[in-house]
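One structure below.
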Amino acid sequence: MAAFDYDLFVIGAGSGGVRAARIAAAHGAKVAIAEEYRIGGTCVIRGCVPKKLLVYASRFASEFEEAAGFGWTLPGKPVFDWRTLIANKDREIARLESIYKANLERAGVTVLKTRATLDGPHEIRLDSENRVVTAAHILIATGGTVNLDPALPGMQHAITSNEAFHLDRLPKSIVVCGGGYIAVEFASIFHGLGVDTTLIYRGEKILRGFDEDMRDGLTEALTRHGVKVITGTVLTAIETQPAGLQLALESGASIKTDQVMFAIGRSPNTAGLGLEKAGVLTGTKGQIGVDAFSKTNVAHIYAVGDVTDRVNLTPIAIREGHAFADTVFGNKPAKVDHTMIPTAVFTSPEIGTVGLSEASARAGGQPIDIYKANFRPMKSTLSGATDRMIMKLVVDQATQKVLGVHVLGPDAGEIIQMAAIALKLGATKADFDATVALHPSAAEELVTMREKWIPPV
């Protein structure tokens, strides 16, 4: 390794790259990491962390309304200031970025603020410094990038989640295009902040891949709150007018709006990285193909996180980065288990889910039992809120092993994290039944459901 400038060079200082760099350095490797934007990557800088802060902000309006049922009288109508929220959010993100940078430097990692690309099998070009360095091992952790529709007339007038975090003002109305995590979360955020919100998705239902009861339940809740959910169509043009934007839909309808946001998915961020110069192969979507140890087809080049398009979640990128460093530099070969991963959709109400959906379990061919609970949360009895909580267990009929847990309602993400431990340990329905309920709580329904759900004939 002495013939190279570094034992490891990491391209991309997001969650996965930072973890890999720190752990490799702790194992004694000489490590450098390059980032062209900001240390922390999408999740910390313009993804899940700032998004969750906006989610918190969007929920206060309903909290103020519900407070009256508990005897609280507000002295006047609450006033929201978008610029204050964004300034406070920016301050927190800057604090987190400084912590990420300090942790890297404390670990002995050389941090380079530049775009880095491959210039050969072991060569990395640092664009802003116009020089080439070498490394025995290279890790690509460049994450994903937002998808756009360049063929759509007027696409230049749309924003993405990247720009949504930095808007100068809160729009009076917005149309969000997409039906995945990001689209439904931002639709919920904007609506909660008082924006007239429309969600447009080309598919029949939002949140493809989630359990049907969660998809239907969230759609009903969003609609009941006032979000206009339009499915089965897409935009065909965006035109500017003196009063805002005019959107043409494939269905023939048109919508006037103040702002339009595209959240139609993300793709692996591999364009222009110079992968071909190092002989690294990519798939049809630009994703880097890797084995169970995150190794590419080139023996000394690895990739972790969204750029591999395996499971595109921050905690997975972190685990993959840690496992890579342990494998290559710690003499502790480690694979990441990509099954039984909990996840949440931070809408209002939110979804928490782990394991198989009912449809996925049935597609597997084994007979299953379904248990459901649909009830009004205790807080709503005084607040007057109309939302309902939905909980669901998917159980293998033969073994009684719980295959999936799905929750729609307040604190669903917090609940599902604990349920994920049980599923990871292989809990059965009898294990759930034998667990004493925590009363009064919503989560107790997970251990008190006794009657199997019988589908209507």
Indicate yes or no: at least one non-hydrogen side-chain atom of [X] is less than 4.5 angstrom from one of [Y].
| X | Y | answer |
| --- | --- | --- |
| V260 | C177 | yes |
| F210 | L408 | no |
| D213 | N374 | no |
| M214 | T353 | no |
| V55 | E350 | no |

Salt bridge (Lys or Arg N to Asp or Glu O under 4.0 Å) evaluation trace for K379 with E63:
CA-CA 11 Å; K379 184 181 177 183; E63 292 287 341; 2.9 Å; yes
Could you tell me whether [X] atom [atom1] has more than 12 heavy atoms of other residues or ligands within 6.0 Å of it?
| X | atom1 | result |
| --- | --- | --- |
| K401 | NZ | no |
| E204 | CD | no |
| L148 | CG | yes |
| N130 | CG | no |
| R224 | CZ | yes |
| F60 | CZ | no |
| Y56 | OH | no |
| D81 | CG | yes |

Give the minimum heavy-atom separation between [X] and [Y], together with the two atoms involved.
| X | Y | value |
| --- | --- | --- |
| T308 | Q287 | O-CB, 3.8 Å |
| G179 | V184 | O-CG1, 4.1 Å |
| A221 | D387 | CB-OD1, 3.9 Å |
| V109 | A25 | CG2-CB, 3.8 Å |
| F9 | Y6 | CD1-CD1, 4.1 Å |
| G355 | H406 | O-CE1, 4.3 Å |

Looking at [Y], is its backbone amide N or carbonyl O close enough to the side chain of [X] to form a donor-acceptor pair, meaning the two atoms are under 3.5 Å apart?
| X | Y | answer |
| --- | --- | --- |
| D211 | S357 | no |
| S188 | E185 | no |
| S294 | V304 | no |
| E123 | V132 | no |
| D369 | V395 | no |
| T142 | I140 | no |
| T134 | D5 | yes |
| R215 | I206 | yes |
| E35 | A13 | yes |
| D291 | K295 | yes |

Taking atom [atom1] of [X] and atom [atom2] of [Y], what is their separation to the nearest 0.5 Å?
| X | Y | atom1 | atom2 | result |
| --- | --- | --- | --- | --- |
| T296 | Y302 | OG1 | OH | 8.5 Å |
| R125 | R131 | CZ | CZ | 11.0 Å |
| D431 | Q400 | CG | CD | 10.5 Å |
| M261 | I159 | CE | CD1 | 6.0 Å |
| D149 | L235 | CG | CG | 9.0 Å |
| D90 | I45 | CG | CD1 | 10.0 Å |

Ring centre gap for F186 and F165 strictly below 6.0 Å
yes
Would you say the side-chain atoms of S128 and T114 include a donor-acceptor pair closer than 3.5 Å?
yes
Just checking, is any N or O donor in the side chain of N331 or H27 under 3.5 Å from an acceptor N or O on the other one?
no
For side-chain contact (heavy atoms from CB on, under 4.5 Å), just list the numbers for R310 and V290, CA-CA rounded to whole Å, side-chain angles, deciding distance to a tenth of an Å, and then say yes or no.
CA-CA 9 Å; R310 287 177 284 182; V290 292; 3.5 Å; yes
Contacts satisfying salt bridge (Lys or Arg N to Asp or Glu O under 4.0 Å) that involve residues 262-290 (not counting sequence neighbours) are D119-K277, K285-D309
For residues 159-168, which residue pairs qualify under salt bridge (Lys or Arg N to Asp or Glu O under 4.0 Å), counting only residues two or more places apart or in two chains?
none
Cationic tip of K429 within the cone over Y371's six-membered ring, i.e. under 6.0 Å and within 45° of the normal?
yes
Between K52 and F346, is NZ or CZ placed under 6.0 angstrom from the six-membered ring centre and within 45° of the ring axis?
yes
Describe, in one word, how the ring planes of H225 and H191 are oriented to each other, choosing from parallel (under 30°), tilted (30 to 60°) and perpendicular (over 60°).
parallel
Mind checking whether H300 and H122 have parallel, tilted or perpendicular rings, split at 30° and 60°?
parallel
Pair K205-E212, salt bridge (Lys or Arg N to Asp or Glu O under 4.0 Å): steps then yes or no:
CA-CA 9 Å; K205 295 182 182 181; E212 292 298 306; 2.7 Å; yes
One thing to verify: whether E97 and K101 come together as a salt bridge, which I'm taking to mean a side-chain N less than 4.0 angstrom from a carboxylate O.
no
The test is salt bridge (Lys or Arg N to Asp or Glu O under 4.0 Å); show your working for K89 and E92 and say whether it passes.
CA-CA 5 Å; K89 179 268 297 181; E92 173 60 10; over 6 Å; no
